[in-house]
Amino acid sequence: MPTDLTTVQDPRTEYPGPPKNVEVLPTPGTQVAMSEKPDCGEKSYKGSGRLAGRRALLTGADSGIGRAAAIAFAREGADVAINYLPAEQKDAEEVAAFIREAGRKAVLLPGDISHEGFCQRLVADAVEQLGGLDILVNNAGKMGKTQGITETSTERFDELMKTNVYALFWITKAAVPHLKPGASIINTTSVQGYDPSPNIFDYAMTKAAIANFTKGLSKPLMEDHGIRINAVAPGPVWTPLQEADGDKDKLKKLGESTPFKRPGQPVELAPTYVLLASQESSYTTGEIYGVTGGMGIA
Ligand code: NAD
Ligand code: MG
C-alpha cells in the first residue's frame, strides 16, 4: 500500500527498514533492475498547483531523488525536461509517462554530463523544447565503488569531479543567461559533504564542493540576476546509486544508524525540492536544506 501523505503516521515505520533484497548493479544502477523499488511518490504524491506553468530541467531524474522531484514538479503543474544516461532509458520513459499523466509536457534529454559540450547542448535543448526555463535542478551524481586512498585511481577521481562538480559549473553557467528574476536553482549535496564516512573521501569532497558552490554563488546570482540558488542535503536514501557498484553487507544496514533505523525514500525528499523551486521560498537563497534522517549537517 502506498503511504498516505495526508495522515499522521509514525515516521519510523511509515516506510520499510533497511533493504532485505540487495543486488550489486553495474554503474549507473537502474530502478527497473532493483528488486526492492524505491518509493518516488508514483502512487502517493499529490500536487496543488505550486509550480503552475513553470518549466524545469532536472538532471539524474530517471530514478531516485531526481525522479521523485520530477514527478512532484509535474503534479504541481510544471513542464519537465529530464536528463539521464542512455543506459537508463527505461527508467526515464516511466518518469515521462508519469509527467504526461499529470497533464504536463515531458522532454527526454539523454546524455553524459561529464562533457562540457553535452552540458551546453542539454541546456539549449531544454530551453528550446520547454520554451524557456524557470527551474534548474542539478541532481545527477556519481558515487560508485568507494576505496581507500591508495586504491583510488586518478581515472575514478577524475570521473567523479567531472560528473559531480564540473557538470554543475557547466550546466549552471549555460542556464543562467536563460533564467529570469524569480527563477530557482536547486543542487543536491549530501550529509557526506559535512561528515564523510570512511573511504568515501572522494565522493564526499564533491558534495562539499556543491554546498560551497551553492553558498558562493547565492549573493551574485540574487544581486545581479534575481535568481535563488539552494541545495538539498540528503542522508541515506534508498536509490539505485546505493546499489551501483555497492557493498552488499553495507547496503543491508542502510539507514540503521539513523534514529529512524531505516533509509529514507526519495518521496520524502520531493516536498523540499518543490518548496525551494516555488515562489513560496522567495526569501531563501544560499541555504542547504538537510533531509538527513536526523544525521544533521552542522
Ligand atoms: P540515482 O542513481 O537514482 O540518481 C543519480 C543519477 O545521476 C542517475 O540516475 C544518472 O542519471 C545520473 N548520472 C550519473 N552520472 C551521470 C553522467 N555522467 N551523466 C548524466 N547523468 C548521470 O541516485 P540518487 O541517490 O537519487 O542520486 C541523486 C543525487 O542524490 C546524487 O547527486 C547523489 O549524490 C545524491 N545523494 C544521494 C544520497 C543517497 O543516499 N541515495 C544521499 C545524499 C546525496
Ligand atoms: Mg538513474
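Numbers for residues simply follow the sequence, beginning at 1. In listed order, ligands and their atoms are each counted from 1.
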Within ligand 1, which atoms have a heavy atom of [X] less than 4.0 Å away?
| X | value |
| --- | --- |
| G60 | 6 (C), 7 (O), 11 (O), 12 (C) |
| Y84 | 11 (O) |
| Y203 | 33 (C), 34 (O), 35 (C), 36 (N), 44 (C) |
| G111 | 19 (N), 20 (C) |
| S63 | 1 (P), 2 (O), 3 (O), 4 (O), 9 (O) |

Is the contact between M143 and ligand 1 made by the side chain, the backbone, both, or neither, using heavy atoms and a 4.0 Å cut-off? neither

Is there a polar contact between ligand 1 and [X], counting only N or O atoms under 3.5 Å apart?
| X | result |
| --- | --- |
| D112 | yes |
| P236 | no |
| G235 | yes |
| I113 | yes |

In E88, what N, O or S atom is nearest to the Mg ion (ligand 2), if we give its atom name? OE2

Matching residue for N138 among I186, I210, L168, T189 - test: side chain to side chain contact (heavy atoms under 4.5 Å, CB included): L168

